[in-house]
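Numbering starts at 1 and runs along the sequence shown. In each ligand, atom 1 is the first atom listed, and ligand 1 is the first ligand listed.
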Amino acid sequence: MAACNAHYYATRDPIGASGDFTTAPEIHQMFGEMVGACLADCRHRAGAPDAIYAELGPGRATLAADALRVIGPTDVHLVEASPALRETQRVRLPDATFHDRIEQLPPRPLLLIANEFFDALPVRQWVGDEQRLVVVDGDSLAFTAHGLIVEDSPARDAAVIALAAHLGRHGGVALIIDYGDAASAPGDTLQAVRDHLFADVLADPGEQDLTAHVDFEALSTVARSAGAATTPLATQGDWLRRLGIRQRADALIRRHPDRADDIGSALARLTGPGEMGELFKVIAIHHPDWPTPAGFE
Ligand code: SAH
């Protein structure tokens, strides 16, 4: 999964109508604006004017551009593995500094966002004590071990530990938004997406988007055991509504009445229960002395 995704992201811009999948910031600017408002409010209440904007896996940098309009001028640090996407990000954010790893972020308080980053990090699958492997079977690939599957992810754990360590040492807050479940449960959640449709996970290695659901219970437990504070988990719909996305949509419609239909349907896609509103979840990890970010109670 790690090798496939490294090749996949290094060789294309997969995001948007012409790519394989669409993400929340690409649906409408309101998403990034709510993220920016949440982070700016945290910085203000924490009394940390020196905090920097940081993002894990910024994609086309649409979220960063929208959030930074709300946050205002600040240093921008992007953790991005893909040379192809770094080029896109550099066009939008010419002054950004790039990093390969979370550990390389500068020793400053963080206003960090990771949207659909953790789902792309590799998972392992277990059937009892046996690790499920991918093997060559004739001309194709096949899985070993069949039965009730349990997933874990050392790569995600390592990323959360690195984040928690940075937040503990230097202060700050990290918003993590992704699809997945509130509680750990068995199940095979590995999926492939290509041209906006589900595909066979073992077909065309490195040519389609591989993700797995984020286990937010595991993520939150790891963050707390590494010394960070965590918020309760919120659904994306509830979180965006508590931050005022409806009011933002109304204000945009008053200014652009001709776009009322587009703004209304974007709002429904981002917050609606059958769309992104309930499958996608939001959690924040923060320094224990930083205030709880808005939108979680
Ligand atoms: N956050 C963006 C893009 C999500 S796609 C959005 O919401 O639109 C996943 C992003 O994470 C891509 O930018 C991809 O190149 C990056 N990425 C995936 N695995 C990574 C890794 N191991 N290290 C750094 N970046 C990674």
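- D20 pairs by the salt bridge (charged side-chain N to carboxylate O under 4.0 Å, His left out) definition with nothing, not counting sequence neighbours.
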Acceptor/donor pairs from residues 50-59 side chains to any protein atom, 3.5 angstrom cut, sequence neighbours excluded:
unit_1: Y53; atom_1: OH; unit_2: E55; atom_2: OE1; d: 2.7

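- Q208 contributes a side-chain N or O that, together with a main-chain N or O of D200, makes up a donor-acceptor pair within less than 3.5 Å.
- Aromatic rings of H196 and F21 (six-membered ring for Trp) have centroids beyond the 6.0 Å cut-off, not under it.
- The 4.0 Å heavy-atom shell around ligand 1 contains residues Y9, I15, T23, P25, G57, P58, G59, E80, A81, S82, L85, N115, E116, F117, L121, ordered by chain and number.
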Table please: side-chain donor-acceptor pairs of residues 110-125 below 3.5 Å, with sequence neighbours left out.
unit_1: R124; atom_1: NE; unit_2: D152; atom_2: OD1; d: 3.0
unit_1: R124; atom_1: NH2; unit_2: D152; atom_2: OD2; d: 2.8
unit_1: Q125; atom_1: OE1; unit_2: R132; atom_2: NH1; d: 2.6
unit_1: Q125; atom_1: NE2; unit_2: E151; atom_2: OE2; d: 2.9
unit_1: Q125; atom_1: NE2; unit_2: D188; atom_2: OD1; d: 2.8

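- The 12-atom threshold is not exceeded at CG of D261, counting heavy atoms of other residues, nucleotides or ligands nearer than 6.0 Å.
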